[in-house]
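Here is the naming used below: chain letters follow the sequence lines, and residue numbers restart at 1 for every chain.
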There are 2 protein chains.
Amino acid sequence: MNSNQASSANPIGPAGAGESAPPSASSSSPTFSPLYQQIKGLITQSLESGEWKPGEIIPSEVELAARYKVSQGTVRKAIDELAADNLLVRRQGKGTFVATHNEDRAQFRFLRLLADDGVEHPHISQLLECRRLRASAEIARQLDLKPSDPVVLIKRLLQFDGEDTVLDEIWLPGGVFRGLTLERLSDYKGPLYAMFETEFGTRMIRATEKIRAVAADPTVADLLHVPPGFPLLSVERVSYTYGDRPVEVRRGWYVTTGYYYQNDLS
Amino acid sequence: MNSNQASSANPIGPAGAGESAPPSASSSSPTFSPLYQQIKGLITQSLESGEWKPGEIIPSEVELAARYKVSQGTVRKAIDELAADNLLVRRQGKGTFVATHNEDRAQFRFLRLLADDGVEHPHISQLLECRRLRASAEIARQLDLKPSDPVVLIKRLLQFDGEDTVLDEIWLPGGVFRGLTLERLSDYKGPLYAMFETEFGTRMIRATEKIRAVAADPTVADLLHVPPGFPLLSVERVSYTYGDRPVEVRRGWYVTTGYYYQNDLS
DNA sequence: AAGTGGTCTAGACCACAAG
DNA sequence: TTGTGGTCTAGACCACTTA
């Protein structure tokens, strides 16, 4: 961060624009960071620390401007970017809220599977198992853990229109998801990410996926009721929380007869 | 568009803020559109009409503000959104430029295939054929044409590291791509979309893709040197130009051994 | 009526690029 | 030095929501 902290007070007083000294970074600073970026960082910290929880409203723009000793326009730009990053949601006339995986119709955001007619179908989850074990070298690398660190493995089936369509293997760091059991999983109603958020304080911010076409191996084929060798969509996802820390590895096999993975290039 | 045209003059004079009448839309208008959205539309028109061509610089913010009789901040917000939509590119100190598929390292934007090591490998295109024929019902529907309207069909192979990896079938509306021949295609150096842009004035703005895992049929398998039934990634793309008009349908089969399709959920 | 985000303006200054 | 986009401010008004 820059010399200009902007947390409680700027270098010299309120520092208005156009008449007194500007509040921005000191001139010729080698690492220049705009004020609104610093504000963005401070707001992110409050989000991460839980000062404002998912679904809650955050202080109004004028309040935040007073708190950080900057103009409303500056916190506006910071909030604009956080809203674009799906961390905040603005509602005109009401206020700005912390985004959540609950109410949101953010289901499709992470499971981009549509029926051939282009309609988003609902699905139900059938849990197969939930075990604790030690991370393989590969999983440890992807979760930024040490090999043989404890991890949780969840296996489940997703049914679309009553047909088994997706098989998921989900790895989570054991330290963060202490106390996660199959029973707690099956008791919870709603998306998995909503549970992670409300029960474990871990919010998924973004994810990357590697997609391939693979032949179903016998085990997977059996669970998905397709013949061995059947072409399946292999989706390998790594999800990240605040600070770009990886907190989930997910391997999915999708039956794409009657359904397709939708992607928008823009 | 709103009653407030903003093209040459606002309802009443320059209309500054804070003292005289505001320039924005008439009050209680049933269809309210912000000024900067209208400016965005006007700039888009100039882009579409070719007033500013791909790669060229557009007038500075102050010039555009004078031209449209609005403040610089308003055209700035319009340009901000157009830059976010990849229609314009801002370069600090130099100006704002019309985006292009040429120089841009916008290759990966539309062909999201990476090697297993995560590196983007270069590829070469081998043209198989280029024919003119009449649109099938399905293609006509997707290109918003009438059945049996003329279309161009291009087939090609993409080689990564010398290996045939992608087979593409590309349908284009015959009217727009008049004079497109295999010879012209093979003569052109560079990405296909760059050629469409410079030679036919058709710029691809966005695209949607439907992704499935399929078994290679004998013909495709032969061309890609895989056994029949081999799992391939099926990518069905529809590309759109200005005004969300579809101008390309592309069906691709990807061999995803050693390569994967990268997608970011954010 | 009050409070919130959304739009619009005007002006000042900074960072960057090029003559 | 000049011109461009980038940042920051202050203030006014509009649109939407809730009381």
Subject >> Protein-nucleotide distance (B/Glu81, atom CD; C/dG6, atom P), rounded to Å >> reply: 12 Å
Original post:
Which of these nucleotides, D/dC8, D/dT7, C/dT7, is closest to any side-chain atom of A/Lys77?
Top reply: D/dT7
Original post:
With ring centroids as reference points, do A/Phe110 and A/His101 lie under 6.0 angstrom apart?
Top reply: yes
Subject >> Pairing stems for DNA chain C [at least three consecutive pairs; Watson-Crick or G-U; under 3.5 angstrom] >> reply: C:1-18 with D:1-18
Subject >> is_close_aromatic(A/Phe160, A/His121), centroid dist under 6.0 Å >> reply: no
**OP:** Let me know the distance between CG of A/Leu35 and C1' of C/dA12, rounded to the nearest Å.
**Re:** 15 Å
**OP:** Let me know the distance between CG of B/Leu82 and C1' of D/dG5, rounded to the nearest Å.
**Re:** 15 Å
**OP:** Name all residues meeting the ring pair (Phe, Tyr, Trp, His ring centres under 6.0 Å) criterion together with A/Phe200; count only those two or more places apart in sequence or in a different chain, and write none if there are none.
**Re:** A/Phe177
Subject >> Nucleotide D/dG5, atom C1' - distance to CG of B/Leu88 in whole Å >> reply: 13 Å
Original post:
In whole Å, what is the span from the CG atom of B/Leu64 to the P atom of D/dT4?
Top reply: 11 Å
**OP:** Would you check if the side chain of B/Arg90 reaches a backbone N or O of B/Ile79 as a donor-acceptor pair within less than 3.5 Å?
**Re:** no
Original post:
Rounded to the Å, how far apart are B/Phe32 CZ and C/dG6 P?
Top reply: 12 Å
Original post:
Atom CD1 of A/Ile39 and atom C1' of D/dT7: how far apart are they, to the nearest Å?
Top reply: 13 Å
Original post:
Should we count CZ of A/Arg184 as having more than 12 external heavy atoms under 6.0 Å?
Top reply: yes
Pairs under 3.5 angstrom, nitrogen or oxygen only, protein versus nucleotides 3-5 of chain C, please.
| from | atom 1 | to | atom 2 | distance (Å) |
| --- | --- | --- | --- | --- |
| C/dG3 | N2 | A/Gly93 | O | 2.9 |
| C/dT4 | O2 | A/Gly93 | N | 3.4 |
| C/dG5 | OP1 | A/Thr96 | OG1 | 3.4 |
| C/dG5 | OP2 | A/Glu61 | N | 3.0 |

Original post:
From B/Asp85 CG over to B/Thr44 OG1, what is the distance, rounded to the nearest 0.5 angstrom?
Top reply: 8.0 Å
Original post:
Quick one: OG1 on A/Thr74 to NZ on A/Lys69, what's the gap to the nearest 0.5 Å?
Top reply: 14.5 Å
Original post:
Just wondering, do B/Thr208 and B/Tyr240 contact through their side chains at under 4.5 Å, heavy atoms?
Top reply: yes
Original post:
How many Å lie between NZ on A/Lys40 and P on D/dC8, as a whole number?
Top reply: 13 Å
**OP:** For A/Leu87 and A/Arg203, run side-chain contact (heavy atoms from CB on, under 4.5 Å): C-alpha distance rounded to whole Å, both residues' side-chain angles, the deciding distance at 0.1 Å, then the answer.
**Re:** CA-CA 10 Å; A/Leu87 292 183; A/Arg203 177 173 164 71; 4.3 Å; yes
